[in-house]
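In what follows, every chain begins at residue 1, and chains take the letters A, B, ... in the order their sequences are listed.
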Amino acid sequence: MGIRFFNTLTRTIMDFEPLVPGEVRMYTCGPTVYDYAHIGNFRAYVFEDLLRRYLKFRGYRVIQVMNLTDVDDKTIRGARREGVSLDEFTARYKQAFFEDLDTLRIERAEFYPAATDHVGDMIALIETLIRKGHAYVSEDGSVYFDISSFPQYGKLSCVDTSGLKAGARVVHDEYGKQDVADFALWKAWDEADGDVSWESPWGRGRPGWHIECSAMSMKYLGETFDIHTGGIDNIFPHHENEIAQSEAATGKPFVRYWLHCAHLVVEGQKMSKSLGNFFTLRDLLKRGYSGREVRFVLIGTHYRQSLNFTLSSLDAARNALARIDDTRRRLRELVYRRKGHGVDDTSKHLVSRSEEKFIQALDDDLNVAPALAALFDLLRDVNRALDRDAITSDGAALLESFLTKMDRVWGFLEVESEEHPDQEVHALVQERERLRRKKNWAEADKIRDRLLRMGWIVQDTPEGPRLRRAK
RNA sequence: GGCGCGGUAGCCAAGUGGUAAGGCACGGGUCUGCAAAACCCGCAUUCACCGGUUCGAAUCCGGUCCGCGCCUCCA
C-alpha cells in the first residue's frame with residue numbers, strides 16, 4: 001500500500017496517485033507579509049514541510065510553490081502607517097519569514113512567487129473569466145466573480161451560499177456586487193490604497209486576494225496539479241474561490257487533493273493578542289527555546305487534530321530530544337571505537353523493523369504518533385543492545401545512518417556544529433579528571449558545578465567524561 | 001442556525017470490533033565516589049456520561065453533557 005491522504009474535497013482518505021508518476025506538484029498558501037508570523041502560522045508551514053519531506057522520502061520529486069501575499073489591506077495599511085513604500089515594508093517581513101523557516105528547519109519550496117510580481121498574470125486570468133461570462137465589472141471599476149455562473153460552487157466547503165446574508169462582515173467597499181456571495185477579483189483603487197495600484201483594462205486598482213493563488217499556482221504547476229494545502233480556515237471562502245476561479249477559467253479540475261491543517265490553540269484557548277497567549281517564533285526564542293524544540297512540538301500532533309500548544313510541551317520536547325541526541329551520540333562513539341566486524345544481526349533487525357513501522361505510519365495520512373513511537377521504541381532497543389554490548393561499530397554506523405535517514409523527514413535531530421566546547425572547558429574537564437583520580441571528590445564536584453554554570457553537563461562514563469550542552 | 005472537529009493516565013498523544021502504543025512527569029531499583037545518562041520495575045480493570053447492538057466496544061448505533069473551529073480576505 002502506498003501513501004493515503006484525507007482529501008477535504010471528498011472528505012475521505014484516498015490513495016495518493018500523482019498526475020505524473022513520481023512527481024508531485026503542490027501549492028501551499030503562504031504568509032501575508034505584514035508582520036512576524038506566529039506559532040499558529042508555523043504549525044501549518046511545519047505540516048507542509050513534513051508533507052514535502054515525506055513525499056521526497058518516498059521517492060517523489062516534489063515541486064512546491066508557496067505564495068507571498070505582499071499586497072492586501074494589511075500590507076498597504078502597514079506601509080502607509082510607517083510612511084514607507086509597500087515594497088520596503090513587505091521586504092522586511094519576507095526576510096523575517098525566511099529566517100524563521102530556517103530556524104524551524106523548514107525546507108525551501110521550489111518557488112516563492114510574490115503577488116506583486118504576478119499582477120499581469122492575474123489580470124490575464126480575470127480577462128479570461130470575464131470573456132467566459134464568469135465575472136463582471138462593476139460601476140467603480142472593480143471586477144467580481146459571478147458565483148451563479150459556477151454551479152459547483154461550495155463543493156469543497158459544503159457551504160450553501162444561499163444562506164449568506166449581507167452583514168457586518170461584508171466589506172463596505174464592495175458595493176457593486178450582484179450577489180453578496182460574489183467575491184472581488186479586482187478592486188478599484190480607493191484612497192486607502194495610497195500610491196499602491198496597477199493599471200488594468202478596468203482602470204487603476206489592485207488584485208483581490210483569491211486570484212493570486214489561482215494565477216500563480218497554475219502558472220508554476222499547470223492547470224491541474226496534485227496537492228493544495230492550507231489552514232482549515234482557508235477552506236471557505238479562499239479555497240472555494242480558488243476552485244471557482246480556476247475551474248471556470250480552464251474548464252479543468254484544479255486540484256486533485258486538498259489537505260487542510262487544523263488550528264493551534266494555546267493552553268486550550270484560541271491564541272489572541274488580548275489573551276496574552278500570542279507567540280511569534282521570535283518570542284519563543286527569546287524565552288530560550290530552540291527552533292527544533294518548537295518544531296518537535298508542532299510536528300508531534302496529527303495535522304488534522306487541533307494542537308494544544310503550551311510552554312511545558314516545549315520543555316517536554318527538550319527532554320525527548322535530549323534522549324534522541326544521547327542515543328545517537330552513543331552510536332557515534334561506538335562507530336569510532338572500531339569494535340567487531342560487519343553489521344550485527346541486532347542492528348539489521350532493528351533498522352528494518354523500525355523503517356517498516358515508520359513508513360506504515362506516515363503512509364497513513366501522515367500519522368506521526370506511531371511513527372514517533374517507532375523512533376522511541378528504536379532508541380530504547382538500541383540503548384538496551386548497547387548496554388549488553390550487542391552492537392558492532394558497523395552496526396552502530398548502520399543505525400546512526402538510519403536515524404539520519406528518518407531525520408530527512410523529522411528534521412529535528414541535533415545538528416553537530418551546534419556544540420563545541422572551547423579550550424577552557426576542555427582544561428577544566430581534564431583538571432576534574434585529575435582530581436577524580438586522586439579521589440578529591442569535593443574539588444572535582446566544584447568544577448562540575450562550574451562547568452554547569454558555563455552551560456555544560458559532564459557525564460562520567462566507562463569511556464571517560466562526556467560533555468553535553470545544558471540548554 | 002449551517003458546516004466541521006474533539007473529549008483516552010498529572011500533561012501531550014496513538015489506537016475505530018478482540019481485550020489500552022509512544023513521549024514528558026512521577027515513584028522504586030541496577031550502575032556510579034556522588035551525580036548524569038542508560039537499563040529494569042511500577043504508573044488508565046479503563047477510554048466524558050447514559051442506554052443499545054454483539055460472544056466481545058475506547059472503537060458500531062441512539063441520546064445527553066462539555067470544549068473548540070469556520071460561516072467573505074485569519075494558517
Q.
Please confirm whether the shortest side-chain N or O distance from A:Asn319 to OP1 or OP2 of B:rA25 is below 4.0 Å.
A.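 Checking B:rA25 against A:Asn319, a side-chain N or O does come within under 4.0 Å of OP1 or OP2.
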Q: Indicate whether OP1 or OP2 belonging to B:rC74 is found under 4.0 Å from a side-chain N or O atom of A:Lys74.
A: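 The answer is yes; a side-chain N or O of A:Lys74 sits under 4.0 Å from OP1 or OP2.
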Q: For the side chain of A:Arg468, starting at C-beta, report the closest nucleotide among B:rA21, B:rA36, B:rC39.
A: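 Ranking B:rA21, B:rA36, B:rC39 by closest atom to the A:Arg468 side chain puts B:rA36 first.
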Roughly how many Å is it from [atom1] in [X] to [atom2] in [N], rounded to a whole number?
X        : N      : atom1 : atom2 : value
A:Glu293 : B:rG23 : CD    : P     : 18 Å
A:Ile106 : B:rA75 : CD1   : P     : 14 Å
A:Gln459 : B:rC34 : CD    : C1'   : 14 Å
A:Arg384 : B:rC39 : CZ    : P     : 8 Å
A:Asp325 : B:rG23 : CG    : P     : 16 Å
A:Phe236 : B:rA75 : CZ    : P     : 17 Å
A:Leu378 : B:rA38 : CG    : P     : 14 Å
A:Ile211 : B:rC73 : CD1   : P     : 17 Å

[X]-[Y] side chain donor-acceptor pair, cut-off 3.5 Å:
X        : Y        : result
A:Asn67  : A:Glu212 : yes
A:Tyr136 : A:Asp182 : yes
A:Glu242 : A:His238 : yes

Q: Measure the shortest side-chain to side-chain distance between A:Arg448 and A:Leu451 over non-hydrogen atoms and say whether it is less than 4.5 angstrom.
A: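 Not touching, per the 4.5 Å side-chain cut-off.
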Q. For the residue pair A:His239 and A:His260, does the interplanar ring angle fall in the parallel (under 30°), tilted (30 to 60°) or perpendicular (over 60°) class?
A.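 Judged by the thresholds at 30° and 60°, the geometry between A:His239 and A:His260 is tilted.
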Across the strands shown, which category fits [X] at heavy-atom distances under 4.0 angstrom: base, sugar-phosphate, nothing?
X        : value
A:Thr69  : nothing
A:Leu264 : base
A:Asp233 : base
A:Asn41  : base
A:Gly230 : sugar-phosphate
A:His238 : nothing
A:Arg323 : sugar-phosphate
A:Val297 : nothing
A:Arg77  : nothing
A:Arg448 : base
A:Asn241 : nothing

Q. Do A:Lys439 side-chain and B:rC34 base share a donor-acceptor contact under 3.5 Å?
A.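 Answer no: no donor N or O sits under 3.5 Å from an acceptor.
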Q | N/O donor-acceptor pair, side chain A:Arg11 with base B:rG4, under 3.5 angstrom | A |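 No, the side chain and the base share no sub-3.5 Å donor-acceptor pair.
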Q: Test A:Tyr93 against every option in A:Leu68, A:Val33, A:Thr75 by the side-chain contact (heavy atoms from CB on, under 4.5 Å) rule and name the one that passes.
A: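 Filter result, single survivor: A:Val33.
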Q: Evaluate side-chain hydrogen bond (donor to acceptor under 3.5 Å, both in side chains) for A:Asp283 paired with A:Thr280, printing each intermediate quantity in order.
A: CA-CA 5 Å; A:Asp283 293 332; A:Thr280 63; 3.2 Å; yes
Distance between [atom1] atoms of [N] and [M] (Å, rounded):
N      : M      : atom1 : answer
B:rA48 : B:rG10 : P     : 14 Å
B:rG29 : B:rC43 : C1'   : 15 Å
B:rU8  : B:rU46 : C1'   : 9 Å
B:rC5  : B:rC73 : P     : 24 Å

Q) If you pin A:Phe6 and A:Asp381 to their nearest nucleotides in RNA chain B, which one's is more 5'? A)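 The residue closer to the strand's 5' end, by nearest nucleotide, is A:Phe6.
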Q | Residue closer to the 5' end of RNA chain B, A:Asp445 versus A:Gln269 (nearest nucleotide) | A |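 Result: A:Asp445.
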So which protein nitrogen or oxygen atoms get under 3.5 Å of nucleotides 11-17 of chain B's nitrogens or oxygens?
{"residue": "B:rG15", "atom": "OP1", "partner": "A:Asn367", "partner atom": "ND2", "Å": "3.0"}

Q) Between A:Arg206 and A:Asp72, is there a salt bridge with N-O shorter than 4.0 Å? A)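 Between A:Arg206 and A:Asp72 there is no salt bridge, as every charged N stays at least 4.0 Å from the carboxylate O atoms.
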Q) Is the closest basic N to carboxylate O distance between A:Arg450 and A:Glu431 below 4.0 Å? A)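 Here A:Arg450 does not pair with A:Glu431 in a salt bridge, since their nearest N and O are not under 4.0 Å apart.
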Q | A:Trp441-B:rG33 aromatic stacking (under 5.5 Å, under 30°) | A |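 So yes, this residue stacks on that base, both cut-offs being met.
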